[in-house]
Amino acid sequence: MSIIQAKNIYKVYNETNVPVNALNGVDLEIEKGEFTAIVGPSGSGKTTLLNIIGGLDLPTEGDIYIEGTNLKSLSSRKLIDFRLHNIGFVFQAYNLIPVLTAMENTEFILELQGVPKKDREKRAMEILETVDIADKKDHKPGQLSGGQQQRVAVARALASQPKYIIADEPTANLDSKSTEELLTLMKKMNQKFQTTFIFATHDQRVMDKALRIVTIDDGKIVSDTQFER
Amino acid sequence: MLFAIAWRNLWRNKLRSSVIFVSIAVGIIGAVFSGGFMAGMADQRENATIANEVSNIQIHNPKFLLNEEAKYMIPAAQQKVKEIKQIPQVKGVSLRLKVTGMAASANAGAGITIRGVNIGQEMKVSDIKDHVIKGSYLAQNDKFPIVLGQKLSHKLDLGLGDKLIITLSDSTGTITSGAFNIVGIYKTSNTQFDESNVFVKKSDLAKLIGYPVTVGNEIAIRLHSNLETPMVVDKLNKMLAGEVQSKKIIIQSWDQIQPLLKSMVEMMDYFSYLFLIIIMAALAFAIINTMLMAVMERTREIGMLMALGMNKRKIFNMILLETIFLSIIGAVVGVGLSILIVHYYATYGFDLSSSAAGLNAFGYSTRIFFRVSNEFYVISLILVVIIAIISGISPALKALKLQPATAIRENN
């Protein structure tokens, strides 16, 4: 069974006088363990689709199911709780909490989940070691490079043991070396823990590593290709 | 970790937070200073009134209070004085003969109250002896001595050694006069009192107006502590219940004799709190502004927290906690400094001698010893927390209105 099923998704933004149709009937299924990139030009709707898949936004029409749960049926409070326990996020601008250390940033999500202090310390430490940033655990984001911050962001996403991780342009602010390292790390996590990654990206280097590329244009999926790498 | 985030967020913009800390601290110091000053003034007025003018408790014949006619004496006054002296809380009891009359010199005349006192008794009740600035207080061996206030001496243009002619009505209602020798001039912080009250020996006054020396129309009672006044009034009302009920005597505490003073003391307390509330209300706007800025600057961060799954209650609490921390630091510093300032002025007094004349006309001393109750400090702190919570609500609600999907993309 697919983890994510997006059925006939439409999204219309009515924030201006002219309604904007961001998504025009998108159908998409994503299986566990996928390493999928959603690509397309600016304004194509890939971020909107990612937001809907990530439970940050709801479709105007159509339904989005995560392991059988229709996100549209959840109250806003339940949707927040659903995201907390099921979805991991990695953002373009890292978006770590600037006043917390790498360790605390990783632990924070576990605290929100209600994991006891001892367990979350142990788990956060293990994950920081896995993403190879344990030596910087007491550093605050401002003391880390972009690549290091993004590693901590990945650690934070992994810590919550989500069903899948949404990554919106995760390499956009990184240099080539950091991009390579981050992608290698994500790929390793994908292979080792069967973690599902879904990217929205422009970056060819991400596309080169993706096992599936969904291309979107004008709010519609125009191609969906699987790769053996 | 919510506490840690809220606390550390305070220090992200040190200058902005510091401005709020200082504003709150200065606000509290201002409120405490003015409160301490007003309470000190009220205390000083209350203490001076008790010490120099009315004592803690007075007993009269109720008819005397209507027109202050000397003939309405207290029955068995000397016996009462003896009994009252036995009450442990009582420091002194003085039986007085109080008569109104006219004082005249070659230049002027003035309506006055003549207080005929038993010197030994009066010394334990009134502090006038300590306020004699020229000459000396009444002495047993002096012949027809009189001590008058500086203001009256100026008005009548009389000095030490001069004779003061007093005209008053005697026990039969006939107008009579007596010449008294000025042996002392006193000055209290209340020029109105100084202008209209003179002290003579009760025996001299009684002889002049034809009463036995044993009688009196006022018993003044001074206590060791003013806090015991209500309790001693109760005790006296029980002790002298028969005469009180039959309206032969009336027992009054200082605040019943001077209700205006009592209400002024209470009003000072009220104003202290009012002032504190006004300052805090003004500060609330500064706090709201600071926190709104903090929320707006952190739109993306708050959006990220929402995206990750931090629920609205926690976001709300985080902003509120930050507001409380922001306010409480200033409050603690403010209260700490206030305690030191109040302690200094409570010990050494606040000098207002530059406006002595004006203050004395209203019965105030020129040195004010501050008083601030612990309750005032505690209420200040509680008020700051309440103001912080109220001020935090608007920024916190603003944070809750953010949509994570759009907030994450804010460029801040």
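Remember, it's a predicted structure, so these values are computed and weren't measured experimentally. Only heavy atoms go into these numbers, but all of them, side chains included; no hydrogens, no water, no symmetry mates.
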- request: Starting from the C-alpha separation in whole Å, work towards a yes-or-no answer on side-chain contact (heavy atoms from CB on, under 4.5 Å) for A:Ile80 and B:Met306.
  value: CA-CA 7 Å; A:Ile80 291 171; B:Met306 287 173 156; 5.9 Å; no
query: Do A:Leu84 and B:Leu308 pass the side-chain contact (heavy atoms from CB on, under 4.5 Å) test, and can you show the C-alpha distance, the side-chain angles, and the key distance before you say yes or no?
result: CA-CA 6 Å; A:Leu84 175 63; B:Leu308 291 183; 5.9 Å; no
task: Check the pair A:Leu112 / B:Met1 against side-chain contact (heavy atoms from CB on, under 4.5 Å), numbers first and verdict last.
output: CA-CA 9 Å; A:Leu112 290 180; B:Met1 212 173 279; over 6 Å; no
Can you pull out all donor-acceptor pairs below 3.5 Å that join chain B and chain A?
from	atom 1	to	atom 2	distance (Å)
B:Met1	N	A:Glu111	OE1	3.4
B:Met1	N	A:Glu111	OE2	3.0
B:Arg8	NH1	A:Val99	O	2.9
B:Arg8	NH1	A:Glu104	OE1	2.6
B:Arg8	NH1	A:Glu104	OE2	3.4
B:Arg8	NH2	A:Glu104	OE2	2.9
B:Arg300	NE	A:Asn95	OD1	3.4
B:Met306	O	A:Arg83	NH2	2.7
B:Ala307	O	A:Arg83	NE	3.0
B:Arg409	NH2	A:Asp168	OD2	2.3

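Per-residue heavy-atom pair counts under 4.5 Å with chain B were compared for A:Pro98, A:Gly54, A:Pro162, and the maximum is reached by A:Pro98.
Only the side chain of A:Ile109 has a heavy atom closer than 4.5 Å to any heavy atom of chain B. The contact between A:Leu96 and chain B is made entirely by backbone atoms, counting heavy-atom distances below 4.5 Å.
Partners of B:Asp269 under the salt bridge (Lys or Arg N to Asp or Glu O under 4.0 Å) rule, at least two apart in sequence or in another chain, do not exist in this structure.
The CD1 atom of B:Ile5 sits 4.0 Å away from the CZ atom of A:Phe108 when rounded to the nearest 0.5 Å.
In B:Phe350, the CZ atom is crowded: over 12 heavy atoms of neighbouring residues, nucleotides or ligands sit closer than 6.0 Å.
The minimum heavy-atom distance linking B:Ala307 with A:Phe91 is given by the pair CB-CZ, 4.0 Å.
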